[in-house]
**Q** 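Have a look at this one before I ask anything.
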Protein chains: 2
Amino acid sequence: MAEQEPTRQRVLDAAGELFYSRGIQTVGMDAVRNASGVPLKRLYALFPSKDALVLEFLRQRDAQWLRALAGHVDAQPTPEERITAVFDWLYAWFSEPGYRGCAFINSFGELGAVSPQVAEQARHHKQAFHAYLTDLVEAAGRPAELAGRLALLAEGAIVTAALFATPEPARQARDAAHALLHTP
Amino acid sequence: MAEQEPTRQRVLDAAGELFYSRGIQTVGMDAVRNASGVPLKRLYALFPSKDALVLEFLRQRDAQWLRALAGHVDAQPTPEERITAVFDWLYAWFSEPGYRGCAFINSFGELGAVSPQVAEQARHHKQAFHAYLTDLVEAAGRPAELAGRLALLAEGAIVTAALFATPEPARQARDAAHALLHTP
DNA sequence: AGTCACCGAGAACGTTCGTTCTCGCTTTGT
DNA sequence: ACAAAGCGAGAACGAACGTTCTCGGTGACT
């Protein structure tokens, strides 16, 4: 019984890795079974359906992603440094092997039109990111509209870095953010 | 024989509309048949496979999209106005009913990991967009790195507008572009 | 008018996928 | 030691999909 949570997490990790790297519809439950080593019967005892597994993956990814970002950003001493640290963290993220963009943007493109819950998760995630940027901008004493502009730069970098498989867009976004910061 | 091209276009239009609004994998060939009114036999005479139909859709979308953008932008008198016109055109695009983001970003998220040809089409499209922006920036006598920044703003706006079903990000991106333009 | 090639409508085929079921083994409780 | 319950491995099932085939009718050519 204390062992159930670990296998649930093992399933989520394996499924998440597959969903992220290959796309959701491309990954069958058999692939999740093979990757996690958890038999189908147990999979369906832990998650009532593939849809539920997908949604739980998105929920977890949302929390993990924001925690990782904040973990790096909040370590910076000054508010200005925290803002540019967002883009430095993006650079590191884009440089990870297997980086394939934002799981929420990808899921939305794949299933947003057909699954309101996936669309809602994506909106929730981006809203949380925007709220986080808003806090950073406010703490820096900058005008509120800066947050939206930084968000656009970040989203653009996320997408472009995925398409061209290079972390370079993070640098461009950081430079652009720097320009926006230093010239009201 | 002179009638073959119209039905080919009818298929592409119907399939494109479906692929864009629902996602590619969600749309079966039967749906394309129903929407276009072209029987399956003829569909497969025109396109050897669904993959070929998808790729042809992307090729056409690439050309149409850039032509529509340039059609609006190139009508502006001054280089600076042409640059901000890009974002005005985005605003109009985001406001169209059924707007669901960039077909290439969506296809890449859905199939980029599994279809090198889809990934290549997406890269080609974004490269063309970037090249177009580079021309605009150069014509305005601005530093070359501005093009990349504008592209990031545009991509971010495209994605954000789709997620939240609002054209507002185009305005934010335009304001940010304006700020970048007027403060080197 | 008759023959023949063509074509639309949809059935059929083979595969894949989500989900459930079967079966045999292991483990547990007494 | 033995019965009963649980579980892993994979077969099985029903639906959906991409692709091909069949059939009945229609139009063209002679």
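Computed over heavy atoms, backbone and side chain alike; hydrogens, waters and symmetry mates excluded.
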**Q** Quick one: B:Leu53 CG to D:dG18 C1', roughly how many Å, whole number?
**A**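 B:Leu53 atom CG is separated from D:dG18 atom C1' by 12 Å.
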**Q** Rounded to whole Å, how long is the line connecting atom CG of B:Leu43 with atom C1' of C:dG8?
**A**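 Answer to the nearest Å: 12 Å.
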**Q** Tell me: CG of B:Asp30 to P of C:dA9, nearest whole Å?
**A**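 These atoms are roughly 13 Å apart.
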**Q** Would A:Asp13 and A:Arg10 pass as an ion pair if we require N to O under 4.0 Å?
**A**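 No salt bridge links A:Asp13 with A:Arg10.
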**Q** Between atom CZ in A:Phe47 and atom C1' in C:dG18, what is the gap in whole Å?
**A**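 A:Phe47 atom CZ is separated from C:dG18 atom C1' by 16 Å.
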**Q** Base, sugar-phosphate, or nothing for B:Val32, non-hydrogen atoms under 4.0 angstrom?
**A**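 Counting heavy atoms under 4.0 Å across all strands, no contact is made by B:Val32.
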**Q** Specify the separation, in whole Å, of atom NZ of B:Lys50 and atom C1' of C:dT15.
**A**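 Going from B:Lys50 (NZ) to C:dT15 (C1'), I get 15 Å.
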**Q** Write out all pairs satisfying side chain to side chain donor-acceptor pair (under 3.5 Å) with one or both partners inside residues 45-71 of chain A, taking only residues at least two apart or from two chains.
**A**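 Output for this query lists A:Gln9-A:Gln60, A:Glu56-A:Arg59, A:Asp62-A:His124, A:Asp62-A:His125.
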**Q** According to salt bridge (charged side-chain N to carboxylate O under 4.0 Å, His left out), who are the partners of B:Arg82, at least two apart in sequence or on a separate chain?
**A**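 By the salt bridge (charged side-chain N to carboxylate O under 4.0 Å, His left out) rule, B:Arg82 matches no residue at all.
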**Q** Quick one: what's the B/S/- string for nucleotides 6-16 of chain D, heavy-atom cutoff under 4.0 Å, read 5' to 3'?
**A** -BB-B------
**Q** Which whole-number value in Å describes the distance from B:Gln25 CD to C:dG18 P?
**A**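 The distance from CD of B:Gln25 to P of C:dG18 comes to 11 Å, rounded to the nearest Å.
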**Q** In whole Å, I'd like the distance from the CE atom of B:Met29 to the P atom of D:dC17.
**A**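 Going from B:Met29 (CE) to D:dC17 (P), I get 12 Å.
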**Q** Restricting to salt bridge (charged side-chain N to carboxylate O under 4.0 Å, His left out), what partner residues turn up for A:Arg174, sequence neighbours left out?
**A**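 For A:Arg174 the salt bridge (charged side-chain N to carboxylate O under 4.0 Å, His left out) partners, ignoring immediate neighbours, are A:Asp88.
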**Q** Near DNA chain C, which residues from residues 106-118 of chain B have a heavy atom under 4.0 Å away?
**A**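 By residue number: none to list.
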**Q** Less than 4.5 Å apart, side chain to side chain, heavy atoms only: is that true for A:Trp93 and A:Leu69?
**A**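 No; the side chains remain at least 4.5 Å from each other.
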**Q** Name all residues meeting the salt bridge (charged side-chain N to carboxylate O under 4.0 Å, His left out) criterion together with A:Glu155; count only those two or more places apart in sequence or in a different chain, and write none if there are none.
**A**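 Only A:Lys126 meet the salt bridge (charged side-chain N to carboxylate O under 4.0 Å, His left out) criterion with A:Glu155.
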**Q** Do other residues, nucleotides or ligands put more than 12 heavy atoms under 6.0 Å from the CD atom of B:Glu120?
**A**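 More than 12 within 6.0 Å, yes.
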**Q** Give a yes-or-no answer on whether the side chains of A:Glu110 and A:Ser107 include a donor-acceptor pair shorter than 3.5 Å.
**A**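 Their side chains do not contain a donor-acceptor pair, so the 3.5 Å distance test is not met.
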**Q** Would you say the side chain of B:Asp175 lies within less than 4.5 Å of the side chain of B:Phe87, judging by non-hydrogen atoms?
**A**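 Side chain of B:Phe87 against side chain of B:Asp175, heavy atoms only: no contact under 4.5 Å found.
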**Q** Could you give the CG-to-C1' distance, from B:Asp51 to D:dC17, as a whole number of Å?
**A**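 After rounding, the reported distance stands at 13 Å.
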